[in-house]
Amino acid sequence: MTAHRAGVRFVIIGAGMAGVLAALKLREAGFADVMVYEKADRLGGTWRENTYPGIACDVPAHLYTYSFAPNPEWSHAFAPGPEILAYFDNVARRYGVDELIRYGREVRRLEHDGSRWRIELSTGDCDDADVVIAATGVLHHPRYPDINGLNEFAGSMFHSARWDHSVPLEGARVGVIGTGSSAVQITGAITDVVRELHLFQRTPQWILPVDNPPVDEADRARYRSDPAVLTQLRAQLNRDFIQSFANAVVDADSQALQMLQKVAHANLEDSVADPALREKLRPDYRAGCKRLIISGNIYQAIQRPNAHLVTAGIDRVEADGIRTVDGRLHRLDMLVLATGFRVDRFLRPMEVVGRGGVRLDEVWGRRPFAYLSVSVPDFPNLFMLNGPNGPVGNFSLIDVAEAQTAYLLQLFELLADGRCRQISARREATARFEADRIEAAKKTVWVTGCRSWYLDDRGVPVAWPWTFTRFREVMKRPALDDYELR
Ligand code: N01
């Protein structure tokens, strides 16, 4: 280990999938001084926060795993949330990452003093670091809807990512606002338990049908005895996903997208018997424009006698329920706000002050951006995993974080070798990347006429607009000319 390597101190913010990964990979690369600050009392990020009934990953389980830690024990093709949380716990323990995590410490402020980062924590303590890695997640800050009277509701009300398990579902009249992945999974899971389910749909969704069979014991035994089989399976799923989703959504004219639309269309036609209900559920925009929903049970659930699809707009929330613009009061005991996340937050509300007093909040005043989604000019040695404008189409964010981590480790070698002490993206390189990605986004399916969290408030897609294959290529090796090395 070089003296420099030992002397570089890393602080990682967030112990979710990406934070655990970064800590593990840094240690593996021989960086000994690594600390992870986690605001909650356990790791797991999104899988800790989202505990709603029906939660599962819509990426196949054998793909939604770290490439270096295959899991022969997945119970289903698409794993339920608690199993995924247990997997991250297990990996963190196995690789000694849990010892590096300091729980109950929220990073409130970061300030660069010209040579290092000063880190202020919610506990009042301070720390410092040469390098800060923000692994703070994308879908993390709940978005609460701006609906009149929301606080007047007399029943139980919570966001899908803040599920209150103390409220009994049996016998309850439940309202769910939203038709994104969260609402669809919740509705599919609880409709046959509750007395009434009212799904408040502002926009219908294209739904791809999936089977979610259990992985049988014989297969699990095979995976256990021969991990190479799992590695092959992961590689195959990856190829399939990249071809069918990731590379398709960035080309609005692609055949793969047309195929997805056909499958979703056939699913609607074949699964919904009542023509009036079918029309209410039929989207008027292209499949893939919003994030595609994968579900094997939503159409079944919404056709149950106790389920009501409400398409009239919401006028206001009242003590007894939701009043729609047609004057009807939908009486409810419980209201679930499955209204998504504020995807423009990233490190915020943390206050981040870079070189020369530059404030990240101001730099990101128009929209969050980062060179290749990992680095912002004037914020030396501050790097992001799953940062702004990275790949977020229906595929594994683990693969994104792994590619980014491997890329960043190459930059960290420059610090370890003593070639420089500070690294940040150059302004020109960042401006060029921003302009290129905004231009490229014009060809994606996300701008073909729908509202979604893939678009910022000016209608510009917030996601990597090129193929996933290109992302991987770019992540192979940093173009050092695009960085300022001091
Ligand atoms: O949120 P969303 P989500 N009045 O933003 C509606 C990931 N995820 O939590 O479409 C009425 O997709 C809004 O309506 P509209 C996945 O990446 C993954 O469901 O804008 N309705 C929309 O229907 C996913 O894409 C998994 O017209 C209002 C819904 O709320 C992402 O998280 C599971 C409203 C928000 O949908 C986000 O999914 C779950 C209002 N005022 C989530 N405001 C797995 O793989 C908003 N809506 C496990």
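Counting starts at 1 for both ligands and their atoms, in listed order. As the structure is a prediction and not an experimental result, all values here were calculated from the model.
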| query | If you measure from each heavy atom of Cys57 to ligand 1, is any distance below 4.0 Å? | reply | yes

| query | So is Tyr454 close enough to ligand 1, meaning a heavy atom under 4.0 angstrom away? | reply | no

| task | For the pair Arg366 and Asp344, evaluate salt bridge (Lys or Arg N to Asp or Glu O under 4.0 Å) and give the outcome as yes or no after the intermediate values. | result | CA-CA 10 Å; Arg366 187 179 162 87; Asp344 63 341; over 6 Å; no

| message | What protein heavy atom lies closest to atom 41 (N) of ligand 1? Include the residue and the distance to one decimal. | response | Pro145 CB, 3.5 Å

| Between Lys39 and Tyr103, is NZ or CZ placed under 6.0 angstrom from the six-membered ring centre and within 45° of the ring axis? | no

| Check: Ser160 N/O within less than 3.5 Å of ligand 1 N/O | no

| request: Check whether any side-chain N or O of Ser373 sits under 3.5 Å from a backbone N or O of Ala370 as a donor-acceptor pair, and report yes or no. | output: no

| request: Please identify which atoms of ligand 1 are closer than 4.0 Å to at least one heavy atom of Ala338. | output: 29 (C), 30 (O), 35 (C)

| said: Donor-acceptor check, side chain of Trp74 to backbone of Ala79, threshold 3.5 angstrom: yes or no? | reply: no

| task | Could you tell me which atoms of ligand 1, counted from 1 in the order shown, lie closer than 4.0 angstrom to a heavy atom of Phe341? | result | 9 (O)

| Ring centre gap for His159 and Phe341 strictly below 6.0 Å | yes

| message | One pair to check against salt bridge (Lys or Arg N to Asp or Glu O under 4.0 Å): Glu152 and Arg316. What are the steps and the verdict? | response | CA-CA 10 Å; Glu152 284 161 31; Arg316 56 180 294 110; 3.0 Å; yes

| field | Met17 side chain reached by Tyr66 side chain, heavy atoms, under 4.5 Å | value | yes

| Could an N or O of ligand 1 be found under 3.5 Å from any N or O of Tyr52, whether backbone or side chain? | no

| field | Atoms of ligand 1 close to Leu139 [distance to a heavy atom under 4.0 angstrom, numbered from 1] | value | 7 (C), 17 (O), 31 (C), 32 (O)

| Got the closest protein heavy atom to atom 8 (N) of ligand 1, with its distance? | Ser181 CB, 4.0 Å

| query | For the side chain of Ser254 and the backbone of Asp251, is there at least one donor-acceptor N/O pair under 3.5 Å apart? | reply | yes

| Is a donor on one side and an acceptor on the other found under 3.5 Å between the side chain of Arg304 and the backbone of Ile302? | no

| query | Looking at Thr203, which atoms of ligand 1 are within less than 4.0 Å of one of its heavy atoms? | reply | 10 (O), 15 (P), 27 (O)

| Atoms of ligand 1 less than 4.0 Å from Ile177 heavy atoms? | 11 (C), 21 (N)

| Would a line drawn from the ring center of Trp466 to the ring center of Phe471 be shorter than 6.0 Å? | no

| task | Check for a donor-acceptor pair, side chain of His165 on one end and backbone N or O of Tyr52 on the other, with a separation under 3.5 Å. | result | no

| Do Phe88 and Arg93 come close enough that some side-chain heavy atom pair is under 4.5 Å? | no

| Can you find an N or O of Trp453 that's nearer than 3.5 Å to an N or O of ligand 1? | yes

| remark: closest protein heavy atom to atom 36 (O) of ligand 1 is Gly180 CA, 3.7 Å

| request: Could you tell me whether Tyr144 approaches ligand 1 through its side chain, its backbone, both or neither, with non-hydrogen atoms closer than 4.0 Å? | output: neither

| task | Considering the heavy atoms of Gly178, write down every atom of ligand 1 situated less than 4.0 Å from one of them. | result | 6 (C), 23 (O), 29 (C), 30 (O)

| query | Going through the checks in order, is the ring-ring contact (aromatic ring centres under 6.0 Å, His included) test met by Tyr87 and Trp47? | reply | CA-CA 10 Å; Tyr87 168 77; Trp47 303 104; over 10 Å; no

| At under 4.0 Å between heavy atoms, which part of Ala56 makes contact with ligand 1: side chain, backbone, both or neither? | backbone

| query | atom 9 (O) of ligand 1: which protein heavy atom is closest, and how many Å away? | reply | Ser182 OG, 2.6 Å

| request: Number the atoms of ligand 1 from 1 as they appear, then name those within less than 4.0 Å of a heavy atom of Thr179, with their elements. | output: 22 (C), 23 (O), 29 (C)

| request: List the closest protein heavy-atom neighbour of atom 13 (C) of ligand 1: residue, atom name, distance to the nearest 0.1 Å. | output: Arg202 NH2, 4.1 Å

| query | Is the closest heavy-atom distance from Lys290 to ligand 1 below 4.0 Å? | reply | yes

| request: Please confirm whether Arg451 comes within less than 3.5 Å of ligand 1 when only nitrogen or oxygen atoms on both sides are compared. | output: yes

| field | Nearest-contact summary for atom 1 (O) of ligand 1 - protein heavy atom, Å | value | Gly340 CA, 3.2 Å

| said: Closer than 3.5 angstrom, by distance alone: can the side chain of Gln205 be matched with the main-chain N or O of Thr179 as a donor-acceptor pair? | reply: yes

| field | Test item, Trp47 contacting ligand 1 (heavy atom, 4.0 angstrom) | value | yes

